[in-house]
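The structure appears right after this line, and notes come after that.
Residues take their numbers from the sequence shown, with the count starting at 1. Values in this document were obtained by computation on a predicted structure and should not be read as measured data.
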Amino acid sequence: MSMGLKQVFNKDKTFRPKRKFDPGTQRFELHKRAQASLTSNMDLKATVQLPIGEDLNDWVAVHVVDFFNRINLIYGTICDFCTEGTCPVMSGGPKYEYRWQDDLKYKKPKALPAPQYMNLLMDWIEVQINNEDIFPTSVGVPFPKNFLPICKKILCRLFRVFVHVYIHHFDRIIVMGAEAHVNTCYKHFYYFVTELNLVDRKELEPLKEMSARMCQ
């Protein structure tokens, strides 16, 4: 394993603690199935399809948590280079600027430096996925009716992390020799959200050309 990949998988560089599934639960089994698919050189397009007989909400829940952990880890490897000086605005190049809104402190969209935006984003996602009313872990407890809209919002915002990393910090990923790993994570994410229509096509525009090349 290259030094770059060691850095990507270094737990000390994780931006946030990982959310895990309890062994013995259905979601843990789905998580293991998804992980096995990723490490077995299977077609990523095939791995994201909802398994026959499985619940859509369970499948989405497993992937939302997994993507949060992975993208959180990727950003953690470059966060030392993403500062208020280098990234005074959370953006994806000159055409795309992302403003933060959480209906709490920031009731209206607010332009923020990228690292502050990332902190607020990861905090917000952590709150969602650790909320038992949204992501229930007990057997037999149903998902809320607004579960998929919440997941769509989470995934839309996680995509913005990819946009910022690819456009503003991919040179660091290359220096670490981790581009293949990051690209695989991106392709897995892209195939999943497009397979299940979880992110609006308009939101995918910033990386449209790259996605066309990478995810044919």
Side-chain angles (χ1 to χ4, degrees), residues 8 13-19 63-131 134-135 146-176 178-179 182-183 185-187 189-190 192-194 197-212 214-215:
V8 169
K13 297 295 286 185
T14 305
F15 195 56
R16 289 286 188 285
K18 282 191 173 185
R19 164 74 190 271
H63 282 81
V64 166
V65 173
D66 189 47
F67 287 135
F68 169 69
N69 289 336
R70 288 170 177 270
I71 295 170
N72 164 31
L73 194 56
I74 289 169
Y75 182 71
T77 66
I78 59 90
C79 64
D80 289 344
F81 304 95
C82 183
T83 67
E84 292 190 8
T86 62
C87 306
V89 175
M90 174 58 182
S91 64
K95 289 180 62 177
Y96 301 95
E97 179 181 315
Y98 300 118
R99 300 189 174 194
W100 182 253
Q101 182 178 12
D102 56 20
D103 297 323
L104 294 172
K105 182 179 179 181
Y106 298 93
K107 297 183 182 296
K108 295 182 180 180
K110 172 76 172 176
L112 297 170
Q116 186 179 353
Y117 183 104
M118 295 293 189
N119 270 294
L120 290 167
L121 170 59
M122 298 303 179
D123 283 345
W124 176 79
I125 295 177
E126 264 196 314
V127 169
Q128 309 308 308
I129 65 177
N130 288 310
N131 185 336
I134 301 174
F135 283 75
N146 63 339
F147 176 70
L148 285 180
I150 291 172
C151 287
K152 287 181 179 181
K153 191 170 186 178
I154 291 172
L155 292 167
C156 175
R157 289 179 163 182
L158 281 175
F159 178 75
R160 296 172 182 180
V161 181
F162 273 124
V163 173
H164 187 74
V165 169
Y166 268 113
I167 293 177
H168 296 282
H169 300 292
F170 201 64
D171 57 333
R172 296 304 313 173
I173 299 295
I174 292 173
V175 167
M176 291 188 292
E179 63 267 33
V182 175
N183 288 343
C185 289
Y186 176 74
K187 286 195 288 186
F189 180 93
Y190 179 85
F192 183 76
V193 300
T194 54
N197 296 313
L198 295 171
V199 174
D200 191 282
R201 288 284 177 178
K202 185 177 180 181
E203 284 286 340
L204 301 175
E205 282 290 321
L207 298 180
K208 181 179 179 179
E209 292 183 7
M210 185 193 79
S211 298
M214 190 186 299
C215 305

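In plain terms, the two heavy atoms of V182 and F162 that are nearest each other are O-CE2, 4.4 Å. Taking every heavy atom of both residues into account, G93 and I167 meet most closely at N-CG2, 3.5 Å. The shortest heavy-atom contact between H169 and F81 is CE1-O, 3.5 Å. Heavy atoms only, all atoms of each residue included: N72 and M122 are closest at CA-CE, 4.0 Å. Residues L121 and R157 approach most closely at CD1-CB, 3.4 Å, considering heavy atoms. For the residue pair G85 and P88, the shortest heavy atom distance occurs at O-CD, 3.9 Å.
The line from CG of L198 to CZ of F159 is 13.5 Å long, rounded to the nearest 0.5 Å. Once rounded to the nearest 0.5 Å, the distance linking CD of E203 with CZ of R160 reads 4.5 Å. Rounding to the nearest 0.5 Å gives a distance of 10.5 Å between CE of M210 and CG of L204. Separating the NZ atom in K152 from the CG atom in N197 is a distance of 7.5 Å, to the nearest 0.5 Å. For the atom pair D66 CG and C185 SG, the distance stands at 8.5 Å (nearest 0.5 Å). With rounding to the nearest 0.5 Å, the separation of CG in D171 from CE in M176 is 9.5 Å.
The aromatic rings of Y117 and Y98 are tilted relative to each other, their planes meeting at an angle between 30° and 60°.
Looking at heavy atoms from C-beta onward, F147 lies out of side-chain contact with I150 at the 4.5 angstrom threshold. The side-chain heavy atoms of E84 and P115, taken from C-beta on, include a pair separated by under 4.5 Å. Looking at heavy atoms from C-beta onward, Y106 lies in side-chain contact with L112 at the 4.5 angstrom threshold. Side-chain contact between K108 and R99 is absent, with no heavy atoms from C-beta onward closer than 4.5 Å. No side-chain heavy atom of Y166 sits less than 4.5 Å from a side-chain heavy atom of V163. In this structure the side chain of C151 reaches within 4.5 angstrom of the side chain of F135, judged on heavy atoms. Side-chain contact check for I154 versus W124: some heavy-atom pair is nearer than 4.5 Å. Residues F189 and L155 are in side-chain contact: their nearest non-hydrogen atoms beyond the backbone lie under 4.5 Å apart.
Partners of Y186 according to the side-chain hydrogen bond (donor to acceptor under 3.5 Å, both in side chains) rule, which considers only residues two or more places apart in sequence or in another chain, are S211.
A donor-acceptor contact shorter than 3.5 Å links the side chain of H164 to the backbone of S91. For the pair N131 (side chain) and V127 (backbone), a donor-acceptor distance under 3.5 Å is absent.
With ring centers used as reference points, F67 lies under 6.0 Å from F192.
Side-chain contact check for T86 and H168: no donor-acceptor pair (N or O, by modelled atom type) lies under 3.5 Å.
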